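To start, the structure under review is shown below, and the notes come after it.
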Amino acid sequence: MSRPLLIAPSILSSDFSKIGDEIKAVDAAGADWIHCDVMDGHFVPNITYGAPVIKAFRPASKKIFDVHLMIAPADPYLADFAAAGADIITIHAEAGPHLDRSLHAIRALGKKAGVSLNPSTPESVIEYVLDRLDLILLMSVNPGFGGQSFIPAVVEKIRRVKKMIGARPIDIEVDGGITPETAPLVVKAGANVLVAGSAVFKGGTEASYRANIAAIRGAATSTV
Ligand code: DX5
Ligand code: ZN
């Protein structure tokens with residue numbers, strides 16, 4: 001059974017001075033999920049926002065809030081992100097020593113559990129936690145910034161992860177450098193959730209977000 005193709009705009013590329021309006025605009029423009037990038041200036045070389053800010057913009061949309069934690073440690077903050085309104089909480093496998101425990105903690109908070117892998121991290125690290133996972137987020141750039149170029153080696157990793165999960169109900173999400181040009185490659189390899197920041201928010205208006213989302217979705221679905 002193939003899982004539905006979903007587009008998750010990364011609000012990292014939105015105008016932070018009016019983030020609530022930007023979320024409303026991408027929601028109306030056809031976003032399936034809202035992808036929130038949390039960075040700590042330690043695990044990644046950039047700082048964005050934390051749980052109180054997510055709580056503040058949570059009322060802007062009823063869609064799934066897909067919270068990508070690029071923070072180390074993550075465990076002490078999981079409850080805060082759950083309380084702020086995250087629906088999916090994704091941690092990095094590289095960010096802590098006890099992945100199994102962290103994933104268990106996310107589900108114990110009643111949230112969907114995701115794990116993210118940096119481009120250089122082999123997929124074997126998730127082999128023994130597959131039954132604790134709702135989502136696998138494969139980075140196709142080194143995390144920290146929007147607007148970077150897609151790393152083609154991730155395509156083979158997607159294929160391997162797809163094979164590894166078998167019939168389990170796990171989403172495969174790809175993040176970084178997704179455009180109408182790269183989307184077909186990752187979908188063909190087995191990804192079903194596409195994060196896109198700069199490719200969605202270029203243009204700065206709801207009409208351009210609608211056209212940008214449609215272009216990614218159209219390119220992705222034309223291959224399957
Ligand atoms: C990068 C973030 C991404 C980023 C993607 O560290 O995890 O979600 O916003 O931006 P684009 O789509 O511009 O590569
Ligand atoms: Zn992200």
Side-chain angles (χ1 to χ4, degrees), residues 6-16 19 22-23 26 29-51 53-54 57 63-72 74 77 81 86-95 112-121 134-155 157-158 171-187 191-204 208-209 211-217 219-220:
L6 303 173
I7 309 291
S10 161
I11 54 171
L12 182 62
S13 295
S14 72
D15 180 344
F16 279 2
I19 195 155
E22 291 280 69
I23 292 169
V26 274
D32 295 300
W33 292 357
I34 305 296
H35 184 83
C36 307
D37 288 303
V38 178
M39 304 185 187
D40 66 353
H42 165 73
F43 179 67
V44 288
N46 195 9
I47 301 176
T48 56
Y49 49 79
V53 176
I54 293 179
F57 61 61
K63 293 201 170 147
I64 297 282
F65 269 38
D66 171 32
V67 175
H68 177 193
L69 297 182
M70 288 161 273
I71 65 173
Y77 305 100
F81 286 102
D87 298 295
I88 303 166
I89 300 179
T90 297
I91 52 171
H92 266 261
E94 307 87 357
K112 293 212 161 151
V115 66
S116 183
L117 304 183
N118 283 332
S120 65
T121 302
D134 299 294
L135 175 142
I136 298 166
L137 171 53
L138 299 175
M139 293 307 300
S140 40
V141 297
N142 290 294
F145 304 94
Q148 303 181 80
S149 299
F150 180 81
I151 297 173
V154 78
V155 174
K157 200 197 280 189
I158 298 166
D171 287 308
I172 301 180
E173 181 175 44
V174 182
D175 186 0
I178 296 298
T179 64
E181 288 68 46
T182 56
L185 305 173
V186 302
V187 169
N192 71 295
V193 187
L194 306 181
V195 177
S198 43
V200 166
F201 284 95
K202 69 177 183 196
S208 49
Y209 304 162
N212 296 339
I213 291 171
I216 296 168
R217 202 189 297 278

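Below, each value reflects all heavy atoms present in this structure, side chains not excepted, and no hydrogens, waters or symmetry copies. In this text, all values refer to a predicted model and were calculated from it rather than measured experimentally. For ligands, and for the atoms within them, numbers begin at 1 and follow the listed sequence.
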L69 and I89, any side-chain heavy atoms less than 4.5 Å apart: yes
Quick one: the ND1 of H68, the Zn ion (ligand 2), OD2 of D175 angle, rounded to 10°, please. 100°
With the side chain counted from C-beta on, respond yes when I88 and E173 share a heavy-atom pair under 4.5 Å apart, and no when they do not. no
Over 12 non-hydrogen atoms of neighbours within 6.0 angstrom of CZ in F145: yes
Mind checking what residues have non-hydrogen atoms under 4.0 angstrom from ligand 1? S10, L12, H35, D37, M39, H68, M70, M139, P143, G144, F145, G146, G147, D175, G176, G177, V195, A196, G197, S198
Please report the closest heavy-atom contact between T182 and G177, naming both atoms and the distance. OG1-O, 2.9 Å
Suppose we screen for side-chain hydrogen bond (donor to acceptor under 3.5 Å, both in side chains). Which residues come up paired with S116, at least two apart in sequence or across chains? H92
Under 3.5 Å, is there a donor-acceptor pair linking the side chains of H68 and D66? no
Near K112 NZ, under 6.0 Å, is it more than 12 heavy atoms from other residues, nucleotides or ligands? no
With the Zn ion (ligand 2) as the point of reference, which N/O/S atom of D37 is the closest? OD1
